[in-house]
Amino acid sequence: MPDKTQLEGEVYHPSAEVVAQAHIKDWEAIAEHARNDLQGFWAECADELEWYQKWDKVLDDSNKPFFKWFVGGKVNIVHNCIDRHLKTWRKNKLALIWESEDGKEHRTFSYYAMNREVTRMANIIKSMGVQKGDRVTIYLPRIPEIVFAMLACAKIGAVHSVVFAGFSTDALQGRIEDSQSRLVITCDGSFVNGKVIELKRTVDEALKRCPSVENVIVIKRVGHDVPVDPLRDHWYHALSALPVANGKCPTEMMDAEDPLYILYTSGSTGKPKAILHTHGGYMVGTYATLKYVFDLKDDDRWWCAADPGWVTGHSYIVYGPMLNGATSFMFEGGPAYPYPNRWWQCVERYGITVFYTAPTAIRGLMRFGEAWPNKHDLSSLRLLGTVGEPINPEAWRWYHRVIGKSRCPIMDTWWQTETGMFMITPTPVVALKPGSGTRPFFGQEAEVVNENGDPVPDGEEGYLVLKHPWPAMLRTIYGDPDRYVKQYWSKYPGRYLTGDSAKRDKDGYFWIIGRVDDVINVSGHRLGTAEIESALVSHPAVAEAAAIGLPHEIKGTGIHCFCLLRAGHAPSESLAEELRQHVAQHISPIARPETVKFVDKLPKTRSGKIMRRVLKARALGMPEGDISTLEE
Ligand code: PRX
């Protein structure tokens with residue numbers, strides 16, 4: 001690490017107190033060890049967990065880029081999330097604390113209780129005929145049952161496919177269809193800012209086009225009347241009372257490389273891709289990163305304010321914390337309902353020590369001023385984190401000063417659905433620069449390269465690539481291994497293409513700039529231009545459409561669309577509004593465009609590809625760059 005005094009720019013050094021209690025005593029020594037002995041480093045992390053049978057080989061790279069980790073090892077991630085803790089004092093430790101959106105309900109689960117809930121759910125899933133390797137779609141809001149459902153699938157070796165409950169019918173249907181799930185787990189509805197969202201009705205609509213689904217388990221959350229198909233739908237509380245639900249359920253012994261879950265994410269072209277993660281490597285990666293980066297200890301109260309429906313929730317609400325035997329807090333609601341102090345009230349009420357959220361939320365809360373957080377005692381906090389998009393230095397400083405009282409280091413963790421775990425990230429012992437994720441995690445090296453794959457000089461922008469395999473890496477795109485190779489490993493063979501652009505400064509710190517493919521990052525959520533465009537052209541008035549991302553004060557990036565209308569349809573304000581609504585209904589309210597503009601022509605290459613970069617340059621009043629391929 002460069003000498004403290006030599007770092008360039010605005011630098012925040014960790015306090016002696018933070019350094020003294022960190023798991024990492026000597027960052028440079030661990031980094032050096034992992035550099036020299038990648039497999040040794042990861043084997044030591046894996047050794048801190050329990051295996052039914054130890055691996056023969058840490059890393060098998062004989063069939064690149066289809067890497068395998070802990071080959072020959074037998075394990076189940078649930079054994080390490082739950083079973084292992086039941087043999088120790090941690091069986092009485094709280095695994096999960098939950099509060100409802102309206103603040104009137106509180107539920108807590110010890111590791112012992114967690115085992116009971118997960119076992120019950122696992123028995124029920126099994127009784128529906130679900131077997132090892134079968135896919136189960138989970139469509140639930142932030143309630144404890146989403147955690148039970150994920151762990152229950154993993155326990156019996158089924159592969160979960162969680163679909164964020166903010167997604168609408170088409171998005172849900174496409175994901176169920178692609179995964180060929182036999183079972184869907186949902187609830188009657190969810191609470192969002194005091195309103196009820198009818199999840200079960202969305203499922204009913206989606207299932208009209210999903211013949212693979214045999215059964216639907218419905219959890220009662222909001223108490224609304226919902227249609228029940230007597231042959232297909234089953235109330236969870238009714239099933240729970242049956243004897244079959246209440247016996248023991250052994251945790252299935254899995255190969256380290258057996259699939260744990262798939263999670264859909266947007267790519268540059270076509271439909272969302274099913275990213276596949278496995279039991280062994282993913283377990284080791286999420287365990288070790290959470291331990292080192294957020295420095296979790298037994299007396300911590302960890303709050304990852306993401307949704308379990310995204311990878312952040314998978315890795316750092318569900319699996320990572322439980323692998324570490326931590327106490328997690330989960331909140332059903334959002335940060336500003338009914339008032340913008342809602343999160344800070346929870347921090348105070350539950351004595352949260354480590355808090356992890358997204359820059360968009362911080363920017364949103366900043367707008368309401370300091371008085372809201374200042375109403376609360378936030379002195380329990382010792383570490384903060386962000387994820388999902390670049391954090392602007394102004395938001396970083398606000399978070400640091402107003403929430404962390406200038407005491408709490410901020411872990412700006414860069415990673416992806418595909419990476420499964422933090423990849424470029426600070427740890428509590430390194431000096432921070434607002435807006436930089438600092439350097440790669442142990443065992444990783446990143447590079448910023450030009451079109452030809454040559455490293456660019458420090459300070460210049462280029463494509464961000466990763467040089468080494470890591471245990472929580474995606475193994476493939478489920479059902480489409482060719483796309484896996486093409487998407488991530490073909491542009492620069494031997495190196496993983498992240499899809500992001502970045503700069504490295506002369507201290508070796510990385511600064512993520514943003515996506516360089518046709519992915520728009522709205523409030524930390526990935527949306528493909530192709531998905532938005534295909535939703536638009538599914539409307540009878542639209543012949544062709546293009547979507548681009550433009551800077552947005554709170555969301556980071558907002559979606560802006562250009563539509564060419566079919567004959568017989570005229571541009572109007574009301575049609576623009578209807579189209580915005582149409583996209584929200586088909587994909588998700590997150591995908592609602594900021595603007596829809598009507599055009600006579602879209603800039604295209606001679607081969608017919610829409611040149612979104614030209615639209616973007618025009619919208620920003622910037623030079624259009626190389627337009628030699630433009631057909632106009
Ligand atoms: O562009 C990067 C951005 O989010 C993308 C990954 O999105 P997703 O797979 O949905 O996972 C989000 C949560 C892990 C990345 O390619 N991104 C994520 N974290 C950061 C970030 N950009 C800048 N800084 C970050 N800390």
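One-based numbering along the sequence shown. First listed ligand is number 1; within each ligand, the first listed atom is number 1.
- If you check the side chains of Y492 and N452, you find no donor sitting under 3.5 Å from an acceptor.
- No N or O atom of T312 sits closer than 3.5 Å to an N or O atom of ligand 1.
- In this structure, atom 2 (C) of ligand 1 lies nearest to the protein heavy atom D500 OD2, 2.9 Å.
- In terms of protein heavy-atom proximity, atom 4 (O) of ligand 1 is nearest to G388 O, 3.2 Å.
- On a distance-only criterion, Q416 and ligand 1 share at least one N/O pair closer than 3.5 Å.
- Residue E389 touches ligand 1 through its backbone alone, judged by heavy-atom distances below 4.0 Å.
- Atom 6 (C) of ligand 1 has as its closest protein heavy atom W415 O, 3.6 Å.
- Contact annotation: for T413 versus ligand 1, heavy atoms closer than 4.0 Å belong to the backbone alone.
- Proximity to D412 (heavy-atom distance under 4.0 Å) selects the following atoms of ligand 1: 24 (N), 25 (C), 26 (N).
- Remark: R175 is positioned above the aromatic ring of F167, its terminal NZ or CZ atom under 6.0 angstrom from the ring centre and at most 45 degrees off the axis.
- Salt-bridge formation is not detected for the pair R475/E418: no Lys NZ or Arg NE/NH1/NH2 atom is positioned less than 4.0 Å from an Asp or Glu carboxylate oxygen.
- At distances below 3.5 Å, at least one donor-acceptor pair connects side-chain atoms of E332 with backbone N or O atoms of E101.
- Side-chain atoms of N521 and T557 include no donor-acceptor pair closer than 3.5 Å.
- Judged by distance alone, the side chains of D412 and W396 never bring a donor and an acceptor atom under 3.5 Å apart.
- Aromatic ring orientation, F41 versus F442: perpendicular (interplanar angle above 60°, classes split at 30° and 60°).
- If you check which protein heavy atom lies closest to atom 10 (O) of ligand 1, you get R526 CD, 3.3 Å.
- Listed by number with element, the atoms of ligand 1 under 4.0 Å from a non-hydrogen atom of N521 are 3 (C), 4 (O).
- In terms of modelled atom types and a separation under 3.5 Å, the side chain of R401 and the main chain of R397 share no donor-acceptor contact.
- Within the structure, ligand 1 has P390 among the residues with a heavy atom less than 4.0 angstrom away.
- At a heavy-atom distance under 4.0 Å, atoms from both the backbone and the side chain of T417 approach ligand 1.
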